[in-house]
Amino acid sequence: MIDPRILRTAPERLRESQLRRGLPEGTVIELEKLDAEHREALHKYEELRSQQKRLSKDIGKLKGRIKKSGSKERPVLEQESESLLASAGELAEAVKVAEQRADRLGAEVEDAWLTIDNLVDPQAPVGDEDAFRVITEVGTPRDFGAEGFTPLDHLQLGEAIGAIDVERAAKVSGSRFYYLVGDGALLELALLNLAMNLAHKNGLRPVLPPALVKPAAMAGTGFLGQAAENVYHLADDDMYLVGTAEVPLASMHADEILDRSALPLRYVGYSPCFRREAGSHGKDTRGIIRVHQFDKVEMFTFCEPEEAEREHSKLLGWEREFMDRLELPYRVIDVATGDLGASAARKFDIEAWIPTQGRYREVTSTSNCTTFQSRRLAIRYRDEEGRVAPVATLNGTLVAMPRVIVALLENHQTADGRVAIPKALRPFLSDRAYLTPLQQQ
RNA sequence: GGUGAGGUGCCCGAGCGGCCUAAGGGAACGGUCUUGAAAACCGUCGAGGUUCAUAGCCUCCGUGGGUUCAAAUCCCACCCUCACCGCCA
């Protein structure tokens, strides 16, 4: 949710932002109309309600006097009370009608706000998915031709090493599932340990959050908009499986007023992530690039809005630090406005080089959600003047397990089918230098 | 799943359906006093909405409905917490 004052003072900013995202501006115009109507109805209701309360209070006082009255004045007071009650009855009816109208319009305004995405950062490149801007490229993709062999893809490698089993996962759970087995399982745990150690060293507080949440958490983080079709919903319980730890981490401080001295508040969560992948049939069907369930280490920050941009750089820096430790070639892109999530004002993706695809693929992503999520979730803080104001929220991936495993296997493979383990991971893998195919063991 | 108790403002805690729509205490903040501090005393002290307004007014006493001229207070449903029992990772 965006500051409603902007709708009233500068609605063109909302329209402009929607257009940059490639969304219709009509919803904003609709919202303006509804908002005005709602406020008018609210005024009417409040005016009537105020009258009613005054009248009710008078009746209360009168009843009190009747109790204490003598037999002489009692009949007079009772008659007065009768007439007051009669007019109060009429007022009550009018109040009810006015309240219902105001409530209805209020709900409509709220619904209309849900169709408006966060204001995009003016620095974000404008356009659709392909309009991203490359910020930097790090490392050099290997030239397998020069090395004299054709690289295997991650699934071939993973199966040879006995690390990945998608066939049995298909038997048990269907397509887009996988088992990590043996060194595969150990590899995830090693990545987890490295990520958590780095994050903890950088001052983030580790969290193992719930992965099943109530509708408010899902809606508050902005995943029940266009993204809703990709969310698993348990109808019997009206609960959602989270697609990222961002959801429980953001919601952790819902309805709270944070102490300014506690900001920035930084967490790093590890959780399973569930995604329906609706609308991506036929995309990335091989291997574990696109799956329905995976584990992810996610960073999350609550900070003062003025600090958000700087914090965003920090998160990106920590993501890059992690990628550097894995010795993977990657690039950083400034994601285009048309490809931003509903909550994000600006987003940077890190894309790792995938040799068998000959291109960069997204492995991490960090978003500045400014005050969009915090308004919906009522996460506030007391600013310098002691006023209550929404905080800014930001999130960033440290490791999305399957994709990082894909990148590691493919980039670090050797001509004889082994996979070199980056130095940073070795302490967590019995100090081994290679993952070895089962046949060579 | 069963039984019992309970959910009130930052915390504790009172609240015969009206006659102050939240008493009282603590914490916090400001001040007086003090060399400084503590104590004592005085004052301030929830959030949201509307509004130019930190003036007024409206809303919020777990959530959602209902009864009433009027509801924290009555009725219904649900949620959560605690204790014990049963089952279980």
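So you know, we letter chains A, B, ... as the sequences are listed, proteins then strands, and number each from 1.
Atom pair A:R375:CZ and B:G48:C1' shows a separation of 13 Å (rounding to whole Å applied). Rounded to whole Å, the distance from CD on A:E110 to P on B:G48 is 16 Å. Separating the CD atom of A:Q100 from the C1' atom of B:G65 is a distance of 12 Å, rounded to the nearest angstrom. Between the P atom of B:C69 and the CD atom of A:Q52 lies a distance of 10 Å, rounded to the nearest Å. Atoms CD (A:E90) and P (B:U68) sit 16 Å apart, rounded to a whole Å. To the nearest angstrom, P of B:G49 lies 13 Å from CZ of A:R387. Rounding to whole angstrom units, CZ of residue A:R380 and P of B:G49 are separated by 9 Å. One atom, CZ of A:R5, and another, C1' of B:C52, lie 13 Å apart when rounded to the nearest Å.
Side chain of A:T366 to backbone of A:F348: no donor-acceptor contact under 3.5 angstrom is found.
Inspection of the A:R49 and A:Q52 side chains reveals an N or O donor paired with an N or O acceptor under 3.5 Å.
Across the P atoms, B:G13 and B:G25 are found 16 Å apart, a figure rounded to whole Å. Taking atom C1' in both B:G62 and B:C69, the straight-line distance is 28 Å, to the nearest Å. Comparing B:C75 with B:G7, their P atoms are spaced 15 Å from each other, to the whole Å.
Annotation for A:Q439: atom CD does not count as buried by contact number, only 12 or fewer foreign heavy atoms lying within 6.0 Å. Remark: A:E129 CD is loosely packed, at most 12 non-hydrogen atoms of other residues, nucleotides or ligands lying under 6.0 Å away.
Seen from the ring of A:Y179, A:R168 does not count as a face-on cation partner, given the 6.0 Å and 45° thresholds.
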Under 3.5 Å between N/O atoms: give me all the protein pairs with nucleotides 58-61 of chain B, atom names plus distance.
from  : atom 1 : to    : atom 2 : distance (Å)
B:U59 : OP1    : A:R49 : NE     : 2.3
B:U59 : OP1    : A:R49 : NH2    : 2.9
B:U59 : OP2    : A:K53 : NZ     : 2.7

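If you look at A:H253 and A:Y267, their ring centroids are closer than 6.0 Å.
Comparing atom distances between the A:A92 side chain and each of B:A47, B:U50, B:A70 picks out B:A70 as nearest.
Side-chain contact between A:R176 and A:Q293 is absent, with no heavy atoms from C-beta onward closer than 4.5 Å.
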